[in-house]
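Remember, it's a predicted structure, so these values are computed and weren't measured experimentally.
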Amino acid sequence: MTTRAGRPATLEDVARLAGVSRSTASRVIAGTGFASTAARSRVTAAADQLGYVPDPAARALVRGAGVRLAVAVCGESQAVLDDPYVEQVVANAARVGGPYGLGVSLHWLPLAGSNALHRIAEDRGVRGVVLVNTTEPLLAALPRSLRGRVASLGVGSADVPSFDVDNGGGATQVLHHLYASGRRRIAMVAGPRWLPCTDRSARAYQRLSRDAGLPVRLLPGDFTAERGRAAAREAMRRWPDTDAIFAVSDPTALGVLAGLRGHGVEVPGDVAVAGFDDIPLAALTAPALTTASHPVGRIAAAAATALAEGARAAPITSFPSVLIPRESA
């Protein structure tokens, strides 16, 4: 129902018709705080008469429950927000939050110290925080007021549940596949050193190399195609007999493909190439990229659901990674 002015009824209209203050009407509608029986009856009758529908966002703010999920991404620069991985996290958090009346906001957390987390913690509109690229120092700096309202895509802690892919297991599958195809001089392009997942993949590579008596050819990386292109040139300059390159992200692996092609190296004839993530473009390259799956959508949805429902999740929820063999290796 609308008022005589032709607009939807407001809380002020309800209070005026019921003959009570706005704060009393608000307490009755929200079901919080004290109000006399007579006041409750008048407010309820006025709301029914006017057809007043409370704003769920306003009610959430009054309760301090928050109206959105904050996706906070740790990285060296704001460019990390453009990563396709982050886009998938935001999209799936939005899909989960919609039925709960929750929106999504995106934030950059600099690697160097900043007040970004404290600003998020002070925002009454935030229901919970999905941390992306989580590190131990980041968890240690978590404001006390956020504890119990954070889910991590990466490392967790006693009071911050972790949702992550088994990238060590996925990397092992890729490396075993390369070895089984006869490759014996395998170089690896790692991820940023500050990320824990980089260490897991590197350990898997070093363990397989040690067990099989293979040389260790580890190159630094940053998940970008530009670094993959440079790493391909570096690998062929330092180790001309390299017969396979494994990059721990598909964008980097696509850069490796481009770098090798620019130097007249045939894939997979001369050098096999494999990545990790199974981004949509991986199946469309020439040759199509061998990789391992990374169910980002499921991981992000699980973290967002835990926050939306306010439920305590298991400390670590690990999602398996599966080898996806294609023409590049």
Side-chain angles (χ1 to χ4, degrees), residues 26 30 32 55-164 191-197 222-223 296 299-313 315 317:
S26 176
T32 60
D55 180 349
R59 291 186 63 179
L61 288 173
V62 169
R63 296 194 308 270
V67 295
R68 69 181 183 279
L69 300 175
V71 176
V73 188
C74 190
E76 294 178 306
S77 73
Q78 293 190 53
V80 72
L81 302 181
D82 299 323
D83 193 306
Y85 171 77
V86 174
E87 293 175 1
Q88 289 191 65
V89 174
V90 171
N92 283 278
R95 291 190 184 98
V96 168
Y100 294 91
L102 296 172
V104 177
S105 58
L106 181 60
H107 309 261
W108 170 49
L109 301 179
L111 282 183
S114 78
N115 293 322
L117 268 178
H118 289 277
R119 289 195 296 271
I120 294 173
E122 293 167 359
D123 188 339
R124 294 176 60 235
V126 172
R127 170 79 63 88
V129 181
V130 179
L131 287 181
V132 182
N133 295 344
T134 314
T135 64
E136 296 288 352
L138 183 64
L139 291 176
L142 200 65
R144 185 177 300 276
S145 60
L146 281 180
R147 299 194 182 277
R149 294 193 291 138
V150 174
S152 169
L153 304 194
V155 295
S157 65
D159 50 3
V160 175
S162 165
F163 300 81
D164 206 358
R193 292 182 177 179
W194 55 269
L195 268 179
C197 64
D222 59 6
F223 295 158
V296 179
I299 294 171
T305 299
L307 293 174
E309 296 184 348
R312 286 289 297 176
T317 303

**Pairing residues for Leu81 by the side-chain contact (heavy atoms from CB on, under 4.5 Å) criterion, not counting sequence neighbours** = Val73, Leu106, Trp108
**Message:** Could you measure the distance from the CG atom of Leu142 to the CG atom of Leu131? Nearest 0.5 Å is fine.
**Reply:** 6.5 Å
**Message:** So, using side chain to side chain donor-acceptor pair (under 3.5 Å) as the criterion, who are the partners of Asp83 when residues are at least two apart?
**Reply:** none
**Item:** Partners passing side chain to side chain donor-acceptor pair (under 3.5 Å) against Ser145 (at least two apart in sequence or in another chain)
**Value:** none
**Message:** Which residues pass the salt bridge (Lys or Arg N to Asp or Glu O under 4.0 Å) test with Asp164, not counting sequence neighbours?
**Reply:** Arg200
**Message:** Taking side-chain contact (heavy atoms from CB on, under 4.5 Å) as the definition, give me every residue that meets it alongside Ala70, ordered by chain and number, with sequence neighbours left out.
**Reply:** Ser105, His107, Ile120, Val126, Val129
**Atom of Arg127, atom of Leu307 and distance for their closest heavy-atom approach** = CG-O, 4.1 Å
**Item:** For Tyr100, ring pair (Phe, Tyr, Trp, His ring centres under 6.0 Å) partners two or more places apart
**Value:** none
**Asked** With sequence neighbours left out, which residue pairs that include part of residues 77-96 fulfil the ring-ring contact (aromatic ring centres under 6.0 Å, His included) condition?
**Response** Tyr85-His294
**Request:** Mind checking side-chain contact (heavy atoms from CB on, under 4.5 Å) for Ala302 and listing every partner two or more places apart, or none if nothing turns up?
**Result:** Phe163, Phe319
**Complete:** What one should report as the nearest heavy-atom pair of Ala121 and Leu146 is CB-CG, 3.7 Å
**Message:** Testing the basics here: between Asp123 and Gly125, what is the closest heavy-atom pair and its distance to 0.1 Å?
**Reply:** OD1-N, 2.8 Å
**Request:** Enter the distance from Ser77:OG to Asp82:CG here, rounded to the nearest 0.5 Å.
**Result:** 8.5 Å
**Message:** Tell me which pairs pass side-chain hydrogen bond (donor to acceptor under 3.5 Å, both in side chains) where either residue lies in residues 128-139, with sequence neighbours left out.
**Reply:** Thr134-Ser152
**Prompt:** So which heavy atom on Cys74 is nearest to which on Trp194, and how close?
**Reply:** O-CH2, 3.5 Å
**Request:** With sequence neighbours excluded, tell me which residues meet side chain to side chain donor-acceptor pair (under 3.5 Å) with Arg119.
**Result:** none
**Prompt:** Can you tell if the side chain of Val130 reaches within under 4.5 Å of the side chain of Val104, non-hydrogen atoms only?
**Reply:** no
**Request:** Using a cut-off of 6.0 Å, state whether more than 12 heavy atoms not belonging to Arg193 lie near its atom CZ.
**Result:** no
**Request:** Applying salt bridge (Lys or Arg N to Asp or Glu O under 4.0 Å), name anything that partners Arg95, two or more places apart in sequence or on another chain.
**Result:** none
**Complete:** Note: His118 and Ala141 closest approach over all heavy atoms is NE2-O, 4.4 Å
**Prompt:** Going through the distances and angles, do Val150 and Leu139 end up as a side chain to side chain contact (heavy atoms under 4.5 Å, CB included)?
**Reply:** CA-CA 10 Å; Val150 174; Leu139 291 176; 5.7 Å; no
**Asked** Which pairs pass ring-ring contact (aromatic ring centres under 6.0 Å, His included) with one or both residues in residues 120-149, sequence neighbours excluded?
**Response** none
**Prompt:** Considering only heavy atoms from C-beta outward, does the side chain of Val296 approach that of Asn92 to under 4.5 Å?
**Reply:** no
**Request:** Please report the closest heavy-atom contact between Ala93 and Leu69, naming both atoms and the distance.
**Result:** O-CD1, 4.3 Å
